[in-house]
Enquirer: 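One structure, pasted below without further comment.
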Amino acid sequence: MAFRRMAILAVMVVLLSACGDGVNGTYEDSMGLTRLRFESGGAVVQSSELGGVERQMRYEVEGDRIRVRHPDVEGAALVLTRMDDNTLSGPMGVTYRRVAD
């Protein structure tokens with residue numbers, strides 16, 4: 001009986017971990033100027049080596065849309081579209097590709 005409970009618990013953990021939003025990881029624009037590091041819990045860090053800046057923000061996933069909320073401007077958001085597991089498309093044709101962390 002205890003073995004059965006442990007097996008069911010293990011299967012549930014695996015299934016729940018597979019239900020993530022799939023955005024976690026680091027994405028970089030095609031020119032290598034900006035990186036977006038998506039973390040669990042809805043946190044994203046935007047960084048730019050060119051300007052030497054790093055900004056902590058929040059994000060929400062709605063289907064294939066990812067809204068990155070600006071921390072200082074109420075209602076302002078960068079809206080990205082998930083093209084595939086490794087590509088995000090942003091405004092004005094900017095594309096972000098997943099890079100190795």
Enquirer: Assess the side chains of Ser30 and Arg97: does a donor N or O sit below 3.5 Å from an acceptor N or O?
Expert: no
Enquirer: How about Arg58 and Val44: do any of their side-chain heavy atoms sit closer than 4.5 Å?
Expert: no
Enquirer: Checking Arg82 against Val61 for the side chain to side chain contact (heavy atoms under 4.5 Å, CB included) test, could you report, in this order, the C-alpha distance in whole Å, the side-chain angles of both residues, the deciding distance, and whether it holds?
Expert: CA-CA 10 Å; Arg82 186 180 356 216; Val61 177; 3.6 Å; yes
Enquirer: For the atom pair CD (Gln46) and CG (Leu78), what is the distance rounded to the nearest 0.5 Å?
Expert: 7.5 Å
Enquirer: Taking 4.0 angstrom as the limit, do Arg98 and Asp84 come out as a salt bridge?
Expert: no
Enquirer: Does CD belonging to Glu74 count more than 12 external heavy atoms closer than 6.0 Å?
Expert: no
Enquirer: Would you mind reporting whether Val68 and Leu80 have side-chain heavy atoms less than 4.5 Å apart?
Expert: yes
Enquirer: As a quick check of understanding, evaluate side-chain hydrogen bond (donor to acceptor under 3.5 Å, both in side chains) for Arg35 and Ser47, giving each step before the final call.
Expert: CA-CA 5 Å; Arg35 283 186 172 214; Ser47 60; 5.9 Å; no
Enquirer: What's the spacing between Thr95 OG1 and Glu28 CD if we round to 0.5 Å?
Expert: 12.5 Å
Enquirer: Short question: side chain of Ser48, backbone of Thr34 - any donor-acceptor pair under 3.5 Å?
Expert: no
Enquirer: Is any NZ, NE, NH1 or NH2 atom of the basic residue among Arg69 and Glu60 found under 4.0 Å from an Asp or Glu carboxylate oxygen of the other?
Expert: yes
Enquirer: To the nearest 0.5 Å, how far apart are CG in Leu88 and OH in Tyr27?
Expert: 5.0 Å
Enquirer: Identify the two heavy atoms, one from Pro91 and one from Val79, that lie closest to each other, and give their separation to 0.1 Å.
Expert: CD-O, 3.9 Å
Enquirer: So for atom CD, which belongs to Gln56, do other residues, nucleotides or ligands contribute more than 12 heavy atoms lying within a distance under 6.0 Å?
Expert: yes
Enquirer: Membership question, hydrophobic clusters at under 4.5 Å side-chain separation (ILVMFWY): are Met57 and Val73 in the same one?
Expert: no
Enquirer: For the side chain of Tyr59 and the backbone of Glu39, is there at least one donor-acceptor N/O pair under 3.5 Å apart?
Expert: yes
Enquirer: Working to the nearest 0.5 angstrom, can you tell me the gap between Asp29 CG and Tyr96 OH?
Expert: 5.5 Å
Enquirer: Going through the distances and angles, do Val23 and Ile66 end up as a side chain to side chain contact (heavy atoms under 4.5 Å, CB included)?
Expert: CA-CA 9 Å; Val23 182; Ile66 302 149; 3.9 Å; yes
Enquirer: Do Arg55 and His70 make a side-chain contact, defined as non-hydrogen atoms from C-beta onward lying under 4.5 Å apart?
Expert: yes
